[in-house]
Structure formats: structure tokens, C-alpha cells
Number of protein chains: 2
Amino acid sequence: MGLSKHDEFTLRDNRIARYAKALAHPARVAILRFLIHKRSCVCGDIVDELPLAQSTVSQHLKELKAAGLILGEIEGTTVCYCIDPKAWAMAEQCLGDLLKSFTDGGSCCAPAKQTIATKR
Amino acid sequence: MGLSKHDEFTLRDNRIARYAKALAHPARVAILRFLIHKRSCVCGDIVDELPLAQSTVSQHLKELKAAGLILGEIEGTTVCYCIDPKAWAMAEQCLGDLLKSFTDGGSCCAPAKQTIATKR
DNA sequence: CCTTGCTATCGTATTTTTACGATCATCATC
DNA sequence: GATGATGATCGTAAAAATACGATAGCAAGG
């Protein structure tokens, strides 16, 4: 047990989850923000920017690449990373659609009551 | 070691990561979609809807509650869940801002080249 | 009160994530 | 070819996530 049952869910929900997971660590958010801000994007610069070891940053970059959000191109001896515009647009739509699909029409329950805490 | 160094990052990036993590599993996406679709939201209905054990669903609900995205109210012997409108708006803004902060101006590198694979 | 139904929590096993140092591979330069 | 720099990968360890069955806690109904 303990195996992730991703097969049991829809493709759409899995896609959203995959994009969300890419954003689910502050280091990766910081990397993406850095890539967005500085259009140039040498790997070493990212390592310098973050409070993490080079290998750890490389691992995060690998995950972002696996999620499809970034591209990397070899430039001589360095590697240049950047946002993948197409994938980014897809992520924006997937997550945006879900987020926008809720509109506050007065929640069904607990309109003005307290949240239940850990204990009920 | 393997300890998460969340403290080393900005509050904003951590907040985004927290919301994203809540969406980072298809089961939780499905739960949220279900809560959005059906305004009524008894816990048992969610259990019936998903291919997961009751305890697992309860755990996912707990995480969504911890992330602040949903509210739960006791209704007699059942518990009624719903989206927390305020928190949802916050998540929408946080994630939306990040996603919208990138605009395709022709990527800095690899404009039309191949993605680098695992091996360079 | 005793039972029944609903939900949360506990205990546990497995998998995945996170992090680091060490090493390897590759390109550029000497 | 040797050297140096850059970045990926390996090995490893610790932590967190995922899943389930079992159990506990509560409210409602008999």
C-alpha cells in the first residue's frame, strides 16, 4: 500500500495536479520567478540566488523540466534555462479554469460560522 | 539531510507553494471540483465519489482544510464541507499573479531548438 | 442505554520528496 | 592532451506524502 493511485483519476485532474506539484515547493516557485524576471537564465545564476546546494537546485530544475514548464539549452559550457511559453500557457489555463470555476454564491454551509478545528 | 528548508524562502513563495501543494494530488483536485459542482457537500458523498478508502479521503480533506481552502461544518451526524470563498479568492490571486507574470516575449534562449533531454 | 451510522484519528507500510556531498561528463582553454 | 569550470547524476539519509485497515468518538434512533 501507499502506492499513489493516479490512474484512478481523470487525465484533466492529473494534469492539474502535475502542474500544481511543480509549484508546490517554494524553491521551485523562486526559480520560476527568477526565470521570469531575468530573461537570461544561466543555471549557475540560479544556484547563486538560492540557499541550496548545486545538486539540489539541479534536481529542482529537473522536476520543472519533467513537468514541462521549462526548457534548457546548452550554451557552450553553461546551460541556459527559460520558461516554456506553450507549456506555461497550458498550465495557466488548466489552473486558471479550476480556480475560476468557483464563484462565491454564498457557500452551501457555514456561511458565517466558525471553521471546525482539529477536533469536532 | 532531507529537511525541508522552507524558512529560507519568502512568505509569498511559501504561500504559493502551500496552495499549489493542496492542488498537487488528483484526488484533492477531484474533491475540490466536486465541492464546486455540487454546492451541497456531505463528507460521505465525497467518499462515494472517489476510488479511495474513507480514511484516505478524510486525510485529503484534512490537508485541504489545513491549506485553508475548505470549511467544514457539523450538521447533526454528518459533516458538510464547502469551499472557503475568501481563501479561494486568495489562492486564485496568488497563483494567478505568478502565472500571469510571464508573458511570452520570445524566450531568451532556445527559441526554436530542441529541448535538452536527460543526457547532455 | 444500546446500537447504528458517520467521520476523525491511529498505526503502519510503502513510496516519494528533499537535501547534501561526491563524482562524472562535457566543453573551453591552455 | 591536461586543466578548469559548469552542470548532471549517483548514493545516501531523513522527512513527508500516500494509502489502508482498525479503532475511537459522537450524534441520532430505537
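All chains are named by letter (A, B, ...) in the order of the sequence lines, taking the proteins before the strands, and each is independently numbered beginning at 1.
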Note to self: Suppose we screen for salt bridge (Lys or Arg N to Asp or Glu O under 4.0 Å). Which residues come up paired with E92(B), at least two apart in sequence or across chains?
What the structure shows: none
Note to self: The criterion is side-chain contact (heavy atoms from CB on, under 4.5 Å); which residues satisfy it with Q59(A), sequence neighbours excluded?
What the structure shows: E63(A)
Item checked: Residues in side-chain contact (heavy atoms from CB on, under 4.5 Å) contact with T56(B), at least two apart in sequence or another chain -> L52(B), A53(B), H60(B)
Margin query: Counting only heavy atoms and a strict 4.0 angstrom limit, can you tell me which residues of residues 48-61 of chain A come near DNA chain C?
Written below: L52(A), A53(A), S55(A), T56(A), Q59(A), H60(A)
Check: In residues 20-28 of chain A, what residues come within less than 4.0 Å of DNA chain C, judged by heavy atoms?
Finding: K21(A), H25(A), R28(A)
Notebook entry, point to check: Checking side chain to side chain contact (heavy atoms under 4.5 Å, CB included) against I83(B), which of L64(B), L69(B), L35(B), L71(B) comes through?
Noted result: L35(B)
Whole angstrom value for the distance that separates [atom2] of [N] from [atom1] of [X]:
X	N	atom1	atom2	result
I46(B)	dC6(C)	CD1	P	14 Å
D7(A)	dA19(D)	CG	P	11 Å
E73(B)	dC26(D)	CD	P	18 Å
I74(A)	dA25(C)	CD1	P	15 Å
E63(A)	dA17(D)	CD	P	14 Å
H6(B)	dA14(D)	NE2	P	19 Å
E75(A)	dT26(C)	CD	C1'	15 Å

Minimum heavy-atom separation for [X] and [Y], please, with both atom names.
X	Y	value
I36(A)	L98(B)	CD1-O, 4.2 Å
I70(B)	L61(B)	CD1-O, 3.6 Å
W88(A)	L99(B)	NE1-O, 2.7 Å

Margin query: I'd like to know whether L95(B) forms a side chain to side chain contact (heavy atoms under 4.5 Å, CB included) with L95(A), so could you lay out the CA-CA distance, the side-chain angles of the two residues, the decisive distance to 0.1 Å, and finally the verdict.
Written below: CA-CA 8 Å; L95(B) 291 172; L95(A) 292 172; 5.6 Å; no
Please tabulate, for the side chains in residues 14-24 of chain B, all donor-acceptor contacts under 3.5 angstrom to protein atoms that are two or more places apart in sequence or on a different chain.
unit_1, atom_1, unit_2, atom_2, d
N14(B), OD1, H6(B), ND1, 3.4
N14(B), ND2, H6(B), O, 2.9
N14(B), ND2, F9(B), O, 3.4
N14(B), ND2, T10(B), O, 3.1
R18(B), NH2, A67(B), O, 3.4

Check: Is there a side-chain polar atom (N or O) of K62(A) under 4.0 Å from OP1 or OP2 of dG7(D)?
Finding: no
